[in-house]
Chemist: 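Just passing along the structure, written as structure tokens.
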Amino acid sequence: MTTWTNWAETTTAHLAGIAQPSTVDELRAAVAGAARDGMRVKPIGAGHSFTAIGQTSGIQIRMSNLAGVLRADVPSGLVTVLAGTRLHELNETLWHLGLSMTNLGDIDVQTVSGAIATGTHGTGARFGGIATQVRGLQIVTADGTLLECSADENAELLAAARVGLGALGVIATVTLQCEPAFALAASESPATLDEVLDGLEENVDGNDHFEFFWFPHTRRVLTKRNNRVLPGTRLEPIGRLRHKIDDEFLSNTVFDAINKVTSRRPSLIPHANAFAARALSARDYIDRSYRVFASPRTVKFREMEYAVPRAAVPQVLAEIEAYLARSGEQTGFPVEVRFAAADDIPLSTAYGRESGYIAVHEYIRRDYERYFHAVEAIARDVGGRPHWGKLHWRDAESLREAYPRFDDFVALRDKLDPDRVFGNEYLAKVLGA
Ligand SMILES: Cc1cc2nc3c(=O)[nH]c(=O)nc-3n(C[C@H](O)[C@H](O)[C@H](O)COP(=O)(O)OP(=O)(O)OC[C@H]3O[C@@H](n4cnc5c(N)ncnc54)[C@H](O)[C@@H]3O)c2cc1C
């Protein structure tokens, strides 16, 4: 029996077996064979979900050999990839084709199928999560059948499986709507929480991609504004030394050292947060879009993220601040605040509403449960929806209230996977048994 653990070390699985298909036919055979033997099946990407969404005691299907671009139609921007393609590989290949993904999250190690399955998103009031770029899927269902899904064929399945939680089948290929390659001008600068909240609407609507990090126990924030530049604009990437100091040294090495110390002496956390907020100083640069969106994360942490109605962001932050002051709870990680457009994907956290995303983090060696539970209660009160790949404690009954099309998704799942070949404990909890 092989043991598997996710990146955040929140989930361990004892696997009955592993399949590592290299072709779509091998993938179909692996699913059909496991189902025939009465085994459960669970595809896994980069293992970067914090929840147990990817856990199984059955057969784990590793998507790593099902990677690469299959077709690219540059004029239309439609690109078909094998589902296990990592985002960083996709981004490089797209750039050399003269194409870019419209928006991305803040790391790029995930697989395409893993990223869309949990509703992975970046920031930008006019843009949706990665799944909104999906125009077609090939899905292997529980009996090994390969279903083509497009606007013309199995359109209902396409609509739901874009954020499918791995509950509807194994995605074999994904067709993405990409766009002409673009660069971003990045502007990062410190501010106070009041300054950012006072100008929130202008910041969010006036920039292509706006986000900020608030350092709890202080009123300091770091803002990030990324805006598209005209084609042909000369790139001005961060110098290698500055990159090493900011991204590798301050954001990772020093941050890790600080967290090790404050894990032993939590009373130092407010000072450490004030130091971190000051150390990350202003910088401006222009680079390929995907290099601006994503950066390396070597410090391990736990995370919960809630999508709330955009207008509720200031209230949620005020309540988190009040909770921290009232409870004496201390956290050494910034709270990340991002934004997204409304979309039409039934289980997308941004379904039907403009959203603000509020993410809380805690260092891997520190207890996160009290803090995250408290933030969950605050976010839930304003109709918040938890990221499917990040820690939360919601169940099917409470999620049904949060998603107008929850029962449509559950009905589709019942039709496609009545025997729960793709089931696991997490899905039983969030979708119902
Ligand atoms: C350091 C870090 C930074 C992050 N940053 C962001 C961010 O900026 N924005 C954001 O929204 N999220 C972020 N996340 C969350 C992350 O993007 C998601 O959890 C994503 O699902 C991880 O992709 P993965 O390839 O690791 O998928 P996995 O965790 O391996 O799998 C996730 C789910 O997808 C399913 N799955 C995988 N492949 C298939 C397939 N072929 N067919 C059907 N189902 C499949 C799995 O069964 C599982 O249910 C971050 C996570 C970490 C650890």
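Atoms within each ligand, like the ligands themselves, are counted from 1 in listed order.
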Chemist: Could you establish whether Ala115 and ligand 1 come within less than 4.0 Å of each other, counting only heavy atoms on the residue side?
Modeler: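 Flag set, Ala115 near ligand 1.
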Chemist: Does Glu303 have a non-hydrogen atom less than 4.0 Å from ligand 1?
Modeler: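 No, Glu303 has no heavy atoms under 4.0 Å from ligand 1.
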Chemist: If the cut-off is 4.0 Å to any non-hydrogen atom of Ala117, which atoms of ligand 1 fall inside it?
Modeler: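 What qualifies from ligand 1 is 34 (O), 35 (C).
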Chemist: Starting from atom 5 (N) of ligand 1, find the nearest protein heavy-atom neighbour and note its residue, name and distance.
Modeler: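 Answer for atom 5 (N) of ligand 1: Asp106 OD1, 3.0 Å.
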Chemist: With a 4.0 Å cut-off on heavy atoms, is Phe50 touching ligand 1?
Modeler: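 A heavy atom of Phe50 does come that close to ligand 1.
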Chemist: Between Asp108 and Arg86 (salt bridge meaning N to carboxylate O under 4.0 Å), is one present in this structure?
Modeler: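 No, no charged N to carboxylate O under 4.0 Å.
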Chemist: Which is closest to atom 21 (O) of ligand 1 in terms of heavy atoms, Ala46, Gly389, Gly114?
Modeler: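 The nearest heavy atom belongs to Gly114.
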Chemist: Please round to the nearest 0.5 Å and tell me the distance separating atom NZ of Lys224 and atom CG of Leu184.
Modeler: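 The NZ atom of Lys224 sits 12.0 Å away from the CG atom of Leu184.
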Chemist: Please list the nearest protein heavy atom to atom 42 (N) of ligand 1 with its residue and the distance rounded to 0.1 Å.
Modeler: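 Protein heavy atom at minimum distance: Ile171 N, 2.8 Å.
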Chemist: Given Tyr403 and Trp388, is the ring-ring contact (aromatic ring centres under 6.0 Å, His included) satisfied, shown in steps?
Modeler: CA-CA 13 Å; Tyr403 286 95; Trp388 298 105; 5.5 Å; yes
Chemist: Could you check atom 9 (N) of ligand 1 against the protein and tell me its nearest heavy-atom contact, residue, atom and distance included?
Modeler: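 Here the closest protein heavy atom is His121 O, 2.9 Å.
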Chemist: Could you tell me which non-hydrogen atom of Ala125 sits nearest to which non-hydrogen atom of Asp205, and how far apart they are?
Modeler: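 Between these two residues, the closest heavy atoms are CB-OD1, 3.9 Å.
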Chemist: In the protein, what heavy atom is nearest to atom 2 (C) of ligand 1, and what distance, to one decimal place, separates them?
Modeler: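 Result: Ile107 CD1, 3.4 Å.
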Chemist: Polar contacts were defined as any N/O atom of the residue lying under 3.5 Å from an N/O atom of the ligand; does this apply to Gly45 and ligand 1?
Modeler: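 N/O-N/O distance under 3.5 Å: yes.
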Chemist: A cation-pi test, strictly: NZ or CZ of Arg302 under 6.0 Å from the centre of the six-membered ring of Tyr368 and no more than 45 degrees from its axis. Yes or no?
Modeler: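 Checked: cation-pi criterion not met.
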Chemist: How about His121 and Tyr357: are their ring centres within less than 6.0 Å of each other?
Modeler: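 His121 vs Tyr357: aromatic centres under 6.0 Å.
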Chemist: Under 4.0 Å between a side-chain nitrogen and a carboxylate oxygen: does that hold for Arg420 and Asp414?
Modeler: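 Result for this pair is yes, salt bridge flagged.
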Chemist: In Å and rounded to the nearest 0.5 Å, what is the CD1 to SG distance from Ile171 to Cys149?
Modeler: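 Rounded to the nearest 0.5 Å, the CD1-SG separation comes to 9.0 Å.
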Chemist: Measure the distance from atom 46 (C) of ligand 1 to every protein heavy atom, then report the residue, atom name and distance (to 0.1 Å) of the closest one.
Modeler: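 I find the closest protein heavy atom is Pro43 O, 3.2 Å.
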Chemist: Give me the nearest non-hydrogen protein atom to atom 15 (C) of ligand 1 as residue plus atom name, then the distance to 0.1 Å.
Modeler: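 Closest protein heavy atom to atom 15 (C) of ligand 1: Lys390 CE, 3.7 Å.
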Chemist: Show the atoms of ligand 1 that are less than 4.0 angstrom away from any heavy atom in Leu165.
Modeler: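 Every atom of ligand 1 under 4.0 Å from some heavy atom of Leu165: 49 (O).
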Chemist: Under the 3.5 angstrom rule, does the side chain of Arg338 hit a backbone N or O of Thr123 as a donor-acceptor pair?
Modeler: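 Side chain of Arg338 to backbone of Thr123, a donor-acceptor pair under 3.5 Å: no, none is there.
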Chemist: Apply salt bridge (charged side-chain N to carboxylate O under 4.0 Å, His left out) to the pair Asp343 and Arg162, showing each step before the final yes or no.
Modeler: CA-CA 11 Å; Asp343 67 42; Arg162 286 175 294 171; over 6 Å; no
Chemist: Is any side-chain heavy atom of Val170 closer than 4.5 Å to a side-chain heavy atom of Ile139?
Modeler: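 Not in contact.
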Chemist: Check the angle between the aromatic planes of Phe127 and His209 and answer parallel, tilted or perpendicular using the 30° and 60° thresholds.
Modeler: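 Aromatic pair Phe127/His209 classed parallel.
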Chemist: Check each atom of ligand 1 against the heavy atoms of Gly47 and keep those under 4.0 Å away; list them by number with element.
Modeler: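 Numbered from 1, ligand 1 contributes 26 (O), 28 (P), 29 (O), 30 (O).
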Chemist: Taking only non-hydrogen atoms of Phe301, do any sit less than 4.0 angstrom from ligand 1?
Modeler: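 Yes, Phe301 has a heavy atom closer than 4.0 Å to ligand 1.
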Chemist: Could you check atom 19 (O) of ligand 1 against the protein and tell me its nearest heavy-atom contact, residue, atom and distance included?
Modeler: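 Minimum-distance protein heavy atom for atom 19 (O) of ligand 1 reads Ser49 OG, 2.8 Å.
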Chemist: When rounded to the nearest 0.5 angstrom, what is the spacing between CZ in Phe409 and CG in Leu431?
Modeler: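 Nearest 0.5 Å value for the CZ-CG distance: 6.0 Å.
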Chemist: Just jot down the ligand 1 atoms closer than 4.0 angstrom to any heavy atom of Gln110, in number order.
Modeler: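 Those atoms are 16 (C), 17 (O), 22 (C), 23 (O), 25 (O).
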Chemist: Under 30°, 30 to 60°, or over 60°: which ring-plane class applies to Phe301 and Trp7, parallel, tilted or perpendicular?
Modeler: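 Because their plane-to-plane angle is over 60°, the rings of Phe301 and Trp7 count as perpendicular.
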Chemist: Indicate, as side chain, backbone, both or neither, the part of Thr118 found under 4.0 angstrom from ligand 1 when only non-hydrogen atoms are considered.
Modeler: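 The answer is the side chain.
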Chemist: Is the closest heavy atom of Gly169 to ligand 1 under 4.0 Å?
Modeler: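 It does; at least one heavy atom falls under 4.0 Å.
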Chemist: Quick one: which ligand 1 atoms are inside 4.0 Å of a heavy atom on Gly105?
Modeler: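 Within the 4.0 Å cut-off of Gly105, ligand 1 contributes 8 (O).
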Chemist: For ligand 1, which atoms, with element, lie under 4.0 Å from some heavy atom of Ser113?
Modeler: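 Here the atoms of ligand 1 in question are 38 (N), 39 (C), 40 (C), 41 (N).
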Chemist: Do any pairs count as a ring pair (Phe, Tyr, Trp, His ring centres under 6.0 Å) and have a residue in residues 410-433, sequence neighbours left out, and if so which ones?
Modeler: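 Ring pair (Phe, Tyr, Trp, His ring centres under 6.0 Å) check on residues 410-433 returns His392-Tyr426.
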Chemist: For atom 53 (C) of ligand 1, which candidate among Met63, Lys42, His48 holds the nearest heavy atom?
Modeler: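 Shortest heavy-atom distance from atom 53 (C) of ligand 1: His48.
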Chemist: With heavy atoms only and a cut-off of under 4.0 Å, state how Arg338 meets ligand 1: side chain, backbone, both or neither.
Modeler: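 The part of Arg338 near ligand 1 is the side chain, not the backbone.
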Chemist: Can you tell me if Arg86 has a non-hydrogen atom under 4.0 Å from ligand 1?
Modeler: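 No, Arg86 has no heavy atom closer than 4.0 Å to ligand 1.
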Chemist: Could you find the nearest protein heavy atom to atom 25 (O) of ligand 1 and give me its residue, atom name and distance?
Modeler: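 Its nearest protein heavy-atom neighbour is Thr111 OG1, 2.7 Å.
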Chemist: Show the atoms of ligand 1 that are less than 4.0 angstrom away from any heavy atom in Ile44.
Modeler: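 Close to Ile44: 30 (O).
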